[in-house]
Amino acid sequence: MEEERDHNASESSLPSLSKQLESLTLGGSTVDVPVVDLSVSDEDFLRREVVKASEEWGVFQVVNHGIPTELMRQLQMVGTQFFELPDAEKETVAKEEDFEGYKKNYLGGINNWDEHLFHRLSPPSIINYKYWPKNPPQYREVTEEYTKHMKRLTEKILGWLSEGLGLQREAFTQSIGGDTAEYVLRVNFYPPTQDTELVIGAAAHSDMGAIALLIPNEVPGLQAFKDEQWLDLDYIDSAVVVIIGDQLMRMTNGRLKNVLHRAKSDKDKLRISWPVFVAPRADMSVGPLPEFTGDENPPKFETLIYNDYIDQKIRGWALEDLPVY
(Lines give C-alpha, C1' and ligand atoms only; values in the text may rest on other atoms or scores of the structure.)
Protein backbone atom coordinates (compact mmCIF):
# COMPACT_ATOMS: atom_id res chain seq x y z
CA MET A 1 0.00 0.00 0.00
CA GLU A 2 1.61 3.21 -1.15
CA GLU A 3 -0.02 5.36 1.53
CA GLU A 4 1.18 2.98 4.25
CA ARG A 5 4.75 3.04 2.94
CA ASP A 6 4.70 6.83 2.75
CA HIS A 7 3.47 7.17 6.30
CA ASN A 8 5.94 4.64 7.63
CA ALA A 9 8.69 6.60 5.97
CA SER A 10 7.53 9.72 7.76
CA GLU A 11 7.70 7.80 11.06
CA SER A 12 11.28 6.78 10.45
CA SER A 13 12.21 10.34 9.54
CA LEU A 14 11.20 11.61 12.97
CA PRO A 15 14.82 11.88 14.20
CA SER A 16 15.67 14.20 11.31
CA LEU A 17 12.66 16.33 12.12
CA SER A 18 13.62 16.35 15.79
CA LYS A 19 17.11 17.52 14.95
CA GLN A 20 15.70 20.38 12.88
CA LEU A 21 13.39 21.34 15.73
CA GLU A 22 16.32 21.56 18.13
CA SER A 23 17.75 24.36 16.01
CA LEU A 24 14.78 26.52 16.89
CA THR A 25 15.02 28.88 19.85
CA LEU A 26 14.81 27.31 23.28
CA GLY A 27 12.37 29.98 24.31
CA GLY A 28 8.72 29.02 24.10
CA SER A 29 5.35 30.69 24.12
CA THR A 30 3.14 30.04 27.11
CA VAL A 31 -0.32 29.03 25.94
CA ASP A 32 -3.30 27.42 27.51
CA VAL A 33 -2.60 23.73 27.01
CA PRO A 34 -5.91 21.99 27.75
CA VAL A 35 -6.68 21.37 31.41
CA VAL A 36 -9.38 18.82 32.24
CA ASP A 37 -11.04 18.83 35.66
CA LEU A 38 -11.79 15.21 36.47
CA SER A 39 -14.08 16.11 39.35
CA VAL A 40 -16.79 16.89 36.79
CA SER A 41 -19.54 14.29 37.10
CA ASP A 42 -20.61 14.50 33.44
CA GLU A 43 -18.92 11.51 31.80
CA ASP A 44 -19.92 12.65 28.30
CA PHE A 45 -18.14 15.95 28.95
CA LEU A 46 -14.99 14.17 30.13
CA ARG A 47 -14.98 11.89 27.09
CA ARG A 48 -15.30 14.86 24.75
CA GLU A 49 -12.59 16.84 26.52
CA VAL A 50 -9.94 14.12 26.62
CA VAL A 51 -10.61 13.13 23.00
CA LYS A 52 -10.45 16.73 21.79
CA ALA A 53 -7.20 17.39 23.65
CA SER A 54 -5.69 14.13 22.37
CA GLU A 55 -6.70 14.82 18.76
CA GLU A 56 -5.69 18.48 18.65
CA TRP A 57 -2.73 18.59 21.05
CA GLY A 58 -1.54 15.15 22.09
CA VAL A 59 -0.91 16.60 25.55
CA PHE A 60 -3.11 17.96 28.33
CA GLN A 61 -3.16 18.33 32.09
CA VAL A 62 -5.65 16.81 34.50
CA VAL A 63 -6.60 18.19 37.91
CA ASN A 64 -8.73 16.71 40.70
CA HIS A 65 -7.61 13.32 39.43
CA GLY A 66 -7.91 11.38 42.67
CA ILE A 67 -4.21 10.92 43.45
CA PRO A 68 -3.71 12.27 46.99
CA THR A 69 -1.63 15.44 46.98
CA GLU A 70 0.31 14.21 50.00
CA LEU A 71 1.27 11.01 48.14
CA MET A 72 2.52 13.07 45.19
CA ARG A 73 4.61 15.17 47.60
CA GLN A 74 6.05 12.01 49.16
CA LEU A 75 6.99 10.64 45.72
CA GLN A 76 8.76 13.89 44.93
CA MET A 77 10.47 13.91 48.32
CA VAL A 78 11.92 10.39 48.10
CA GLY A 79 13.01 10.96 44.50
CA THR A 80 14.77 14.19 45.41
CA GLN A 81 16.40 12.56 48.43
CA PHE A 82 17.78 9.80 46.21
CA PHE A 83 19.52 12.28 43.91
CA GLU A 84 20.97 14.10 46.91
CA LEU A 85 22.86 10.94 47.94
CA PRO A 86 26.61 10.58 47.30
CA ASP A 87 27.41 9.21 43.85
CA ALA A 88 28.74 5.97 45.31
CA GLU A 89 25.38 5.21 46.92
CA LYS A 90 23.39 6.09 43.79
CA GLU A 91 25.67 3.77 41.83
CA THR A 92 24.40 0.82 43.87
CA VAL A 93 21.37 0.82 41.53
CA ALA A 94 23.34 1.72 38.41
CA LYS A 95 22.33 0.53 34.95
CA GLU A 96 23.86 -2.69 33.75
CA GLU A 97 22.76 -4.20 30.43
CA ASP A 98 19.06 -3.31 30.58
CA PHE A 99 17.52 0.16 30.47
CA GLU A 100 16.68 0.01 34.17
CA GLY A 101 18.73 1.68 36.85
CA TYR A 102 20.56 4.91 37.57
CA LYS A 103 22.66 6.77 35.01
CA LYS A 104 24.45 10.10 35.06
CA ASN A 105 25.98 12.55 32.60
CA TYR A 106 24.92 11.01 29.32
CA LEU A 107 25.71 13.57 26.63
CA GLY A 108 24.11 12.98 23.26
CA GLY A 109 24.76 14.60 19.92
CA ILE A 110 22.68 17.65 20.85
CA ASN A 111 24.41 18.13 24.21
CA ASN A 112 21.61 17.15 26.52
CA TRP A 113 22.23 16.57 30.21
CA ASP A 114 20.85 13.25 31.35
CA GLU A 115 20.82 12.06 34.94
CA HIS A 116 17.98 9.74 35.74
CA LEU A 117 16.61 6.72 37.56
CA PHE A 118 14.59 4.27 35.48
CA HIS A 119 12.74 1.14 36.66
CA ARG A 120 9.66 -0.96 36.01
CA LEU A 121 6.56 -0.59 38.19
CA SER A 122 4.06 -3.15 36.91
CA PRO A 123 3.05 -5.91 36.37
CA PRO A 124 4.68 -7.57 39.40
CA SER A 125 6.22 -10.31 37.23
CA ILE A 126 8.60 -7.85 35.55
CA ILE A 127 9.71 -5.83 38.59
CA ASN A 128 13.37 -6.11 39.52
CA TYR A 129 13.77 -4.52 42.93
CA LYS A 130 17.54 -4.38 42.66
CA TYR A 131 17.02 -1.19 40.64
CA TRP A 132 14.76 0.37 43.30
CA PRO A 133 16.70 2.52 45.78
CA LYS A 134 16.87 1.22 49.33
CA ASN A 135 17.72 4.73 50.50
CA PRO A 136 15.62 6.66 51.32
CA PRO A 137 13.94 3.74 53.12
CA GLN A 138 10.42 4.95 52.26
CA TYR A 139 11.11 4.81 48.51
CA ARG A 140 9.54 1.42 47.82
CA GLU A 141 6.42 1.94 49.95
CA VAL A 142 5.69 5.37 48.46
CA THR A 143 6.37 4.27 44.88
CA GLU A 144 4.19 1.16 45.12
CA GLU A 145 1.28 3.19 46.52
CA TYR A 146 1.72 5.79 43.77
CA THR A 147 1.71 3.02 41.15
CA LYS A 148 -1.73 1.84 42.28
CA HIS A 149 -3.18 5.33 41.81
CA MET A 150 -1.35 5.85 38.54
CA LYS A 151 -2.82 2.64 37.08
CA ARG A 152 -6.34 3.67 38.07
CA LEU A 153 -5.92 7.08 36.46
CA THR A 154 -4.42 5.62 33.29
CA GLU A 155 -7.29 3.17 32.90
CA LYS A 156 -9.83 5.98 33.39
CA ILE A 157 -8.22 8.11 30.69
CA LEU A 158 -7.91 5.18 28.28
CA GLY A 159 -11.55 4.34 29.00
CA TRP A 160 -12.74 7.85 28.17
CA LEU A 161 -10.64 7.85 25.00
CA SER A 162 -12.04 4.47 23.96
CA GLU A 163 -15.67 5.42 24.52
CA GLY A 164 -15.15 8.88 23.05
CA LEU A 165 -13.96 7.27 19.81
CA GLY A 166 -16.87 4.85 19.68
CA LEU A 167 -15.20 1.77 21.18
CA GLN A 168 -15.93 -0.34 24.24
CA ARG A 169 -14.52 1.20 27.42
CA GLU A 170 -11.79 -1.43 27.80
CA ALA A 171 -10.70 -1.36 24.14
CA PHE A 172 -7.46 0.61 24.48
CA THR A 173 -6.58 -0.95 27.82
CA GLN A 174 -6.94 -4.43 26.32
CA SER A 175 -5.11 -3.41 23.13
CA ILE A 176 -1.98 -2.72 25.19
CA GLY A 177 -2.28 -5.95 27.15
CA GLY A 178 -4.71 -5.26 29.99
CA ASP A 179 -3.14 -6.38 33.26
CA THR A 180 0.10 -7.21 31.43
CA ALA A 181 0.64 -3.65 30.13
CA GLU A 182 4.00 -2.39 31.36
CA TYR A 183 4.36 0.66 33.60
CA VAL A 184 7.82 2.19 33.93
CA LEU A 185 8.95 5.15 36.06
CA ARG A 186 11.73 7.48 35.02
CA VAL A 187 12.86 10.17 37.47
CA ASN A 188 14.65 12.91 35.51
CA PHE A 189 17.13 15.12 37.34
CA TYR A 190 18.08 18.41 35.66
CA PRO A 191 20.51 20.44 37.81
CA PRO A 192 20.84 24.19 37.28
CA THR A 193 23.35 25.11 34.60
CA GLN A 194 24.76 28.38 33.32
CA ASP A 195 26.23 26.57 30.32
CA THR A 196 24.05 27.30 27.31
CA GLU A 197 25.38 24.15 25.65
CA LEU A 198 23.58 22.09 28.31
CA VAL A 199 20.32 23.99 28.43
CA ILE A 200 18.41 21.17 26.74
CA GLY A 201 17.39 18.60 29.33
CA ALA A 202 15.80 16.08 26.96
CA ALA A 203 15.81 16.13 23.17
CA ALA A 204 12.69 16.58 21.07
CA HIS A 205 10.92 13.23 20.86
CA SER A 206 7.61 11.45 20.93
CA ASP A 207 7.08 8.61 23.40
CA MET A 208 7.35 5.08 22.01
CA GLY A 209 4.62 3.63 24.20
CA ALA A 210 0.90 4.28 24.42
CA ILE A 211 0.62 7.05 26.99
CA ALA A 212 2.71 8.77 29.66
CA LEU A 213 1.60 10.53 32.84
CA LEU A 214 4.05 13.02 34.33
CA ILE A 215 4.36 15.18 37.40
CA PRO A 216 7.10 17.84 37.67
CA ASN A 217 8.44 19.84 40.54
CA GLU A 218 7.52 23.53 40.56
CA VAL A 219 10.24 24.53 38.05
CA PRO A 220 8.76 24.76 34.52
CA GLY A 221 10.63 23.27 31.60
CA LEU A 222 8.38 20.96 29.60
CA GLN A 223 7.62 22.14 26.07
CA ALA A 224 5.32 20.77 23.35
CA PHE A 225 5.56 21.44 19.63
CA LYS A 226 2.35 22.76 18.08
CA ASP A 227 1.58 25.12 15.22
CA GLU A 228 5.23 25.27 14.18
CA GLN A 229 6.47 26.54 17.53
CA TRP A 230 7.60 25.33 20.93
CA LEU A 231 5.03 26.01 23.63
CA ASP A 232 5.73 26.11 27.37
CA LEU A 233 3.46 24.13 29.67
CA ASP A 234 2.46 26.09 32.74
CA TYR A 235 3.14 24.48 36.09
CA ILE A 236 -0.14 23.69 37.87
CA ASP A 237 0.21 22.52 41.46
CA SER A 238 -0.77 18.84 41.82
CA ALA A 239 -1.73 18.48 38.15
CA VAL A 240 -0.73 15.44 36.09
CA VAL A 241 0.50 15.99 32.52
CA VAL A 242 -0.90 13.41 30.07
CA ILE A 243 1.14 12.75 26.92
CA ILE A 244 -0.18 10.67 24.03
CA GLY A 245 2.44 8.25 22.65
CA ASP A 246 3.17 6.55 19.35
CA GLN A 247 1.05 3.45 19.93
CA LEU A 248 -2.24 5.28 20.55
CA MET A 249 -1.57 7.24 17.37
CA ARG A 250 -0.89 4.01 15.48
CA MET A 251 -3.89 2.15 16.94
CA THR A 252 -6.24 4.99 15.96
CA ASN A 253 -4.68 5.21 12.47
CA GLY A 254 -3.46 8.72 13.17
CA ARG A 255 -6.61 10.11 14.74
CA LEU A 256 -4.90 10.73 18.09
CA LYS A 257 -1.71 12.81 18.06
CA ASN A 258 1.67 11.67 19.38
CA VAL A 259 3.04 15.00 20.52
CA LEU A 260 6.65 16.02 20.06
CA HIS A 261 7.97 17.37 23.34
CA ARG A 262 11.24 18.22 25.06
CA ALA A 263 12.55 19.39 28.41
CA LYS A 264 14.63 22.45 29.28
CA SER A 265 16.99 22.78 32.18
CA ASP A 266 16.82 25.94 34.27
CA LYS A 267 19.83 28.21 34.75
CA ASP A 268 19.08 28.85 38.42
CA LYS A 269 16.84 26.12 39.82
CA LEU A 270 16.83 22.35 40.08
CA ARG A 271 14.20 20.71 37.88
CA ILE A 272 12.95 17.14 38.45
CA SER A 273 10.15 15.28 36.69
CA TRP A 274 8.46 11.92 37.28
CA PRO A 275 6.97 10.48 34.07
CA VAL A 276 5.31 7.06 34.15
CA PHE A 277 5.36 5.39 30.72
CA VAL A 278 2.62 2.91 29.84
CA ALA A 279 3.30 0.52 26.97
CA PRO A 280 2.26 -2.84 25.53
CA ARG A 281 4.14 -6.02 26.35
CA ALA A 282 7.18 -6.44 24.16
CA ASP A 283 5.64 -9.41 22.30
CA MET A 284 2.30 -7.77 21.45
CA SER A 285 1.33 -6.84 17.89
CA VAL A 286 0.29 -3.21 17.61
CA GLY A 287 -1.21 -1.48 14.60
CA PRO A 288 -4.36 0.28 13.42
CA LEU A 289 -7.50 -1.20 14.95
CA PRO A 290 -10.12 -2.31 12.41
CA GLU A 291 -12.59 0.29 13.70
CA PHE A 292 -10.30 3.04 12.33
CA THR A 293 -9.65 1.61 8.88
CA GLY A 294 -11.72 0.84 5.79
CA ASP A 295 -11.88 1.21 2.02
CA GLU A 296 -11.80 4.98 2.29
CA ASN A 297 -9.32 5.02 5.16
CA PRO A 298 -6.63 2.38 4.58
CA PRO A 299 -4.08 1.60 7.30
CA LYS A 300 -1.43 4.31 7.57
CA PHE A 301 0.87 2.25 9.80
CA GLU A 302 2.32 -1.23 9.62
CA THR A 303 1.27 -3.66 12.34
CA LEU A 304 4.42 -4.53 14.28
CA ILE A 305 5.48 -6.50 17.32
CA TYR A 306 6.06 -3.76 19.89
CA ASN A 307 9.64 -4.85 20.57
CA ASP A 308 10.39 -4.61 16.84
CA TYR A 309 8.92 -1.12 16.83
CA ILE A 310 11.22 -0.12 19.69
CA ASP A 311 14.26 -1.50 17.86
CA GLN A 312 13.27 0.35 14.70
CA LYS A 313 12.84 3.65 16.49
CA ILE A 314 16.05 3.36 18.49
CA ARG A 315 17.99 2.57 15.32
CA GLY A 316 16.60 5.77 13.84
CA TRP A 317 17.72 7.73 16.89
CA ALA A 318 21.19 6.19 16.70
CA LEU A 319 21.58 7.25 13.08
CA GLU A 320 20.97 10.83 14.13
CA ASP A 321 23.10 10.60 17.31
CA LEU A 322 20.08 11.39 19.47
CA PRO A 323 19.75 10.19 23.05
CA VAL A 324 17.41 7.33 23.93
CA TYR A 325 14.64 8.77 26.05
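Bear in mind that the values here come from a model prediction, so they are computed numbers and not experimental data. In this chain, residues are counted from 1 in sequence order.
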Step-by-step salt bridge (charged side-chain N to carboxylate O under 4.0 Å, His left out) determination, Glu100 to Arg120: CA-CA 7 Å; Glu100 291 188 89; Arg120 293 177 170 97; 2.6 Å; yes
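- Remark: Lys257 pairs with no residue by the side chain to side chain donor-acceptor pair (under 3.5 Å) rule, at least two apart or across chains.
- Atom CG of Asp179 is surrounded by 12 or fewer heavy atoms from other residues, nucleotides or ligands within 6.0 Å.
- Shortest non-hydrogen contact noted between Ala181 and Pro123 is O-CD, 3.4 Å.
- In this structure Asn135 satisfies the side chain to side chain donor-acceptor pair (under 3.5 Å) test together with Glu89, sequence neighbours excluded.
- Under the 4.5 Å side-chain heavy-atom criterion for Ile, Leu, Val, Met, Phe, Trp and Tyr, Met72 and Val142 are members of the same hydrophobic cluster.
- When the side chains of ILVMFWY residues are joined at heavy-atom separations under 4.5 Å, either directly or via intervening members, Ile127 and Val278 end up in a single hydrophobic cluster.
- Put simply, CG on Leu256 and CE on Met249 are 10.0 Å apart, with the number rounded to the nearest 0.5 Å.
- In this structure Trp274 satisfies the ring-ring contact (aromatic ring centres under 6.0 Å, His included) test with no other residue, sequence neighbours excluded.
- Applying the ring-ring contact (aromatic ring centres under 6.0 Å, His included) criterion to Phe292, with sequence neighbours excluded, gives no partner residue.
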Candidate pair Lys313 and Ser206, rule side chain to side chain donor-acceptor pair (under 3.5 Å), full reasoning: CA-CA 10 Å; Lys313 188 158 184 176; Ser206 64; 2.8 Å; yes
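- Residues meeting the ring-ring contact (aromatic ring centres under 6.0 Å, His included) test with His119, sequence neighbours left out: Trp132, Tyr139.
- The shortest side-chain heavy-atom distance between Leu185 and Thr143 falls under the 4.5 Å cut-off.
- Side chain to side chain, Asn307 and Tyr309 fail the donor-acceptor criterion of an N or O pair below 3.5 Å.
- The ring pair (Phe, Tyr, Trp, His ring centres under 6.0 Å) contacts involving residues 146-165 comprise nothing, where partners must be two or more places apart or lie in separate chains.
- Listed here is the closest heavy atom pair of His261 and Ile243: CE1-CG2, 3.7 Å.
- The side chain to side chain donor-acceptor pair (under 3.5 Å) search around Asp311 returns none, not counting sequence neighbours.
- Taking 4.0 Å as the cut-off between side-chain N and carboxylate O, Asp87 and Lys90 count as a salt-bridged pair.
- Phe118 carries Arg186 over the face of its six-membered ring, with the cationic atom under 6.0 Å from the centre and within 45° of the normal.
- When all heavy atoms of Ala212 and Asp207 are compared, the closest pair comes out as CB-OD2, 3.5 Å.
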Indicate every side-chain donor-acceptor pair of residues 165-178 with a distance under 3.5 Å to a residue at least two apart or in another chain.
from	atom 1	to	atom 2	distance (Å)
Arg169	NH1	Glu163	OE1	2.9
Ser175	OG	Ala171	O	2.8

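- Scored by the ring-ring contact (aromatic ring centres under 6.0 Å, His included) test, Phe45 finds no partners at all (sequence neighbours excluded).
- Here Glu182 does not pair with Arg281 in a salt bridge; the nearest charged N to carboxylate O distance is not below 4.0 Å.
- Shortest non-hydrogen contact noted between Ser273 and Tyr190 is OG-CE1, 4.3 Å.
- Between Lys148 and the choices Glu145, Lys151, Met150, the side chain to side chain contact (heavy atoms under 4.5 Å, CB included) rule is met once, by Glu145.
- Of all heavy-atom pairs spanning Thr303 and Gly287, the tightest one is OG1-CA, 3.6 Å.
- By the criterion of side-chain heavy atoms lying less than 4.5 angstrom apart, applied directly or through intervening Ile, Leu, Val, Met, Phe, Trp or Tyr residues, Val187 is grouped together with Ile215 in one hydrophobic cluster.
- Every residue two or more places apart in sequence or in another chain was checked for a side-chain contact (heavy atoms from CB on, under 4.5 Å) with Asp295, and none qualifies.
- At most 12 non-hydrogen atoms from other residues, nucleotides or ligands lie less than 6.0 angstrom from CD of Glu141.
- Side-chain contacts under 4.5 Å among hydrophobic residues (ILVMFWY), followed directly or transitively, place Val63 together with Val35, Ile236.
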Side-chain donor-acceptor pairs of residues 75-82 under 3.5 Å, sequence neighbours excluded:
from	atom 1	to	atom 2	distance (Å)
Gln76	NE2	Pro216	O	2.8
Thr80	OG1	Gln76	O	2.8

Residues Lys130, Glu96; criterion salt bridge (charged side-chain N to carboxylate O under 4.0 Å, His left out); working and verdict: CA-CA 11 Å; Lys130 78 174 185 178; Glu96 295 176 353; 3.0 Å; yes
